[in-house]
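Here is how names work: the chains are called A, B, and so on, in the same order as the sequence lines, proteins then strands, and each is numbered from 1. Being a predicted model, the structure only gives us computed values, none of them experimental. Atom set for the values below is all heavy atoms of this structure, side chains included, hydrogens, waters and symmetry mates excluded.
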Amino acid sequence: MATLQETLRLTAAEFWRLLVRTASTLARVWPQALGLLLLGWSANNLAILLGTEVSTSQPWAVIPVLALGAVLQLVTILALMRSAAGSLGRNAAAGDAGDEPAADPKRNSFTWLVATTLLTFLVMYAAFGFLADYARRVVLLSTYRKGYGDLLAALNPLTSPTTAVAMTSIVVIGWLAGRLIEPWAERTRYPLPVRFLGIAVEAIVGLTILLGVFRIFEWLQLWASDRVFSAWWDTAWGAVNSVIHLDLPAFVQQSWQVFVDVVWPVLSVGVLRPLVWLAMAGLVFGARVLSLSELWRLESPATLRPGALARLRSDDQTTSGIRTIVIRAQSFLFDGLDERVLPAWQSLRLVLRSGWAFLGAYLIAFTLIDLAGRWLEHLAIWLIGGHQAAFWIKVDPFVDLITTVVVAAFQWVLLVVAYQRAIGLDEEAVAAPHGAPADRHGGASGPLGAVTVAVVSIAVVIGAGLAQPGEVEIVQHAATYQRLDLQGQRVIAAAPRLAHAVTSYGTEIGTDRIFVVVPFALGSPADPHALGVDVTLQAGTRTYAPFDGGSLVSAAPPGFSIVQELVFEVDPADIGSQARLRVRPSELVSGTQQQAEISLGLSPDQLADAAPRTDIATPAKAAL
Amino acid sequence: MSTPTQRPPVRSSVLLAGVLAAVLTAALWLYLARLDGVPDYVDVAAGQSGTAAGGTWRLRGLERADSVPNPWGVDEPVTGATFVVATLDADLRAADPDASCTFALIAGQLTITQDSMVGDEVPGAVCARHGTEPVSVVFEVPEKALGDIEAVTVAAGTGARLRLAGTLG
């Protein structure tokens with residue numbers, strides 16, 4: 001019990017330390033933080049605007065435009081983190097492990113930092129859906145502003161030969177350009193712009209490859225599902241099932257579904273994402289590792305010593321034979337690729353070595369800041385209210401400021417503060433005498449400490465997932481005969497009537513349930529911007545669409561209203577005061593909308609008075 | 001970029017650059033969004049003609065009609081509305097063969113599309129005539145909007161959309 005309390009106390013202390021240091025660091029660097037994040041926001045939104053403009057004429061050009069936007073935004077993030085690291089007293093990007101930073105000033109430069117971390121950042125961006133969100137905004141704006149083109153198909157190299165050629169050309173030319181830019185940057189008097197050019201080219205190639213690989217992977221999945229061996233696989237499953245008398249495919253499918261729906265979101269978003277971002281943050285503190293080619297020369301990473309890097313860099317001449325060829329070929333083909341991967345891996349290892357108390361505190365802090373950001377955005381949208389798509393298209397970037405500037409400032413600074421703490425814990429552990437594992441693990445050593453912190457952290461992550469604000473709903477409540485204005489459309493419902501059968505256009509239709517017939521008028525005092533409204537009847541947990549199948553009530557022509565009778569086939573048990581019409585504008589592209597709930601004023605007593613049959617009036621149009 | 005010991009001018013420069021970039025981006029964003037959802041018309045003054053998709057159009061007049069004949073009888077407007085018949089001079093000899101005409105009446109806040117169920121000719125088929133006969137298009141208009149009528153628009157599917165100015169009477 002004492003260990004448990006101590007573990008919780010240490011976790012709480014680490015949590016508090018992270019929050020206080022994040023706040024104090026942000027208070028010191030807020031001008032840079034705000035300035036840099038606004039620059040990143042600008043780059044992001046300018047790329048979206050430019051991507052939209054080129055999307056109809058040159059769809060493939062959207063890829064480099066998005067890549068450049070992502071690069072510029074990532075550069076500002078790296079600059080912010082480096083600035084925050086600097087304010088904490090760490091010589092950011094200087095290789096604080098002592099790998100002779102002074103011997104290689106190139107590795108202290110910001111451009112080197114960007115060059116070595118950008119690709120990994122880009123992959124992280126893609127893995128956690130940021131790039132998908134980025135692309136979604138371009139598609140949305142392009143659809144709204146340029147009309148329904150087939151941008152996504154045009155960006156698919158497997159369906160568009162032009163795009164396939166363009167993407168292949170981008171990769172080949174980009175790769176060759178990258179090989180030429182690096183030596184150019186070494187020789188030129190102005191290395192900074194040349195290095196940024198190289199970074200931009202690399203990002204374009206990276207994004208193009210990511211997009212291509214995704215499409216090819218998707219195609220392979222579809223291809224495999226259609227092959228003969230897919231049938232063999234089904235047969236094999238059937239054979240296994242007949243032997244063990246357990247519906248193994250169903251069991252595996254259900255297990256997989258639980259993993260996909262429950263476990264993976266918690267693991268990936270709640271645990272993996274903060275840890276990977278923290279490892280990425282470590283890159284701005286400098287890499288502690290060597291590249292693969294350097295490891296090849298060294299034979300074994302276990303023999304690494306401070307100062308070894310400098311010796312290794314100068315021993316090219318001492319190698320001979322096939323080993324030299326392999327080293328040079330590897331350097332030419334993948335020069336720098338390993339430099340991007342290994343530091344991230346080492347950084348992650350350092351983070352994971354930092355102790356359970358620290359890791360738990362960090363996960364909780366990251367999760368709570370993320371949750372607070374989502375609620376802040378939710379509150380802002382709620383305050384703005386429901387509007388039609390045209391309004392949200394205009395204000396979307398400004399709402400996005402909350403996430404990409406305000407919340408991001410806290411998150412990125414938290415990452416830097418946390419990584420600095422991780423380094424501190426690592427150094428304390430190294431300095432501590434042997435046999436003091438409690439120091440390395442932040443006092444939360446042993447299985448009990450680990451389990452305690454893990455349980456608390458996962459509980460917070462799950463709790464935060466459950467406490468997510470969800471969609472903002474702006475709902476007007478009304479009774480029958482009360483007129484409502486829904487984003488320019490006028491809505492009114494009259495008292496419903498109940499019947500066991502309805503007659504429409506001379507045809508009688510009966511039911512073993514009950515028909516609820518609701519006279520419903522929809523008017524357009526001005527040009528309607530929506531297709532109409534979606535109308536459903538809700539009662540308890542059930543939602544009923546009109547019994548003829550469609551919930552869309554088409555908009556009335558401008559200046560007119562149309563009155564029609566909506567018929568819902570309802571379980572008699574749902575006839576009661578909770579029965580209401582839910583009305584929502586129907587838009588091709590929509591944001592947070594005004595909605596309406598019209599209480600129908602029904603009671604179970606009315607069931608006894610239900611008519612045997614009722615005629616459904618034909619729709620009537622009238623001028624407003 | 002930033003260094004561990006940034007002086008206040010450096011910090012304020014970064015802030016200033018960020019704010020400036022954000023203001024310019026916001027301005028550009030709003031500027032490009034100003035025409036979202038607003039149709040792009042070529043305005044033609046009353047009595048003048050304009051060209052769309054190879055066809056030449058002129059609004060000859062707008063007349064109120066309480067009923068409109070059709071092949072089977074007579075169409076009457078709904079309660080509170082009346083018909084407005086627009087007569088257009090059209091030279092469609094050089095019109096784009098793929099063109100398909102749509103017409104609308106602008107009356108204040110309302111953009112009333114042609115009533116394709118009223119009258120004896122489907123308006124969309126007008127462009128296929130390739131002749132020089134005048135075109136009649138029927139609109140059903142709320143009576144209280146009659147005083148706001150200001151133009152008839154012609155869209156031929158390709159090319160510019162014309163807004164031909166004119167008032168009732």
Top of T52(A), L34(A), L38(A) for chain B proximity - count of heavy-atom pairs under 4.5 angstrom = L38(A)
Under 4.5 Å from any heavy atom of chain B - which part of L78(A) = neither
Heavy-atom pair count under 4.5 Å with chain A, highest-scoring of A21(B), A17(B), G18(B) = G18(B)
Could you grab the distance from atom OG1 of T25(B) to atom CG of L46(A), nearest 0.5 Å is fine?
-> 4.0 Å
Chain A heavy atoms under 4.5 Å from E143(B): which part of the residue, side chain, backbone, both or neither?
-> neither
Interface moiety of V141(B) toward chain A, non-hydrogen atoms closer than 4.5 Å | backbone
Polar side-chain atom of K621(A) near backbone of T79(B) as donor-acceptor pair, under 3.5 Å | no
Is the side chain of S42(A) donor-acceptor paired with the backbone N or O of A22(B) at a distance under 3.5 Å, no angle test?
-> yes
Decide whether D527(A) and T111(B) meet the rule of one side-chain donor and one side-chain acceptor closer than 3.5 Å.
-> yes
Cut-off 4.5 Å, heavy atoms of chain B, and the answer for L37(A) is neither
Engaged part of A145(B) at the chain A interface, taking heavy atoms whose separation is under 4.5 Å | neither
Per-residue contact mode, P525(A) against chain B (heavy atom under 4.5 angstrom) = backbone
Please look at L32(B) and chain A and tell me whether the side chain, the backbone, both or neither of the residue comes under 4.5 angstrom of a heavy atom of that chain.
-> both
Among G108(B), A26(B), P77(B), which has the most heavy-atom pairs under 4.5 Å with chain A?
-> A26(B)
G559(A) and P142(B) have their tightest heavy-atom pair at O-CG, 3.3 Å
Heavy-atom pair with the smallest gap, counting every atom of A623(A) and G80(B) | CB-O, 3.2 Å
Please flag which part of A526(A) lies under 4.5 Å from any non-hydrogen atom of chain B: side chain, backbone, both or neither.
-> both
F560(A) and V78(B): which non-hydrogen atoms are nearest, and at how many Å?
-> CE2-CG2, 3.6 Å
Please examine the side chains of W29(B) and V395(A), heavy atoms only from C-beta on, and report whether any two atoms are closer than 4.5 Å.
-> no
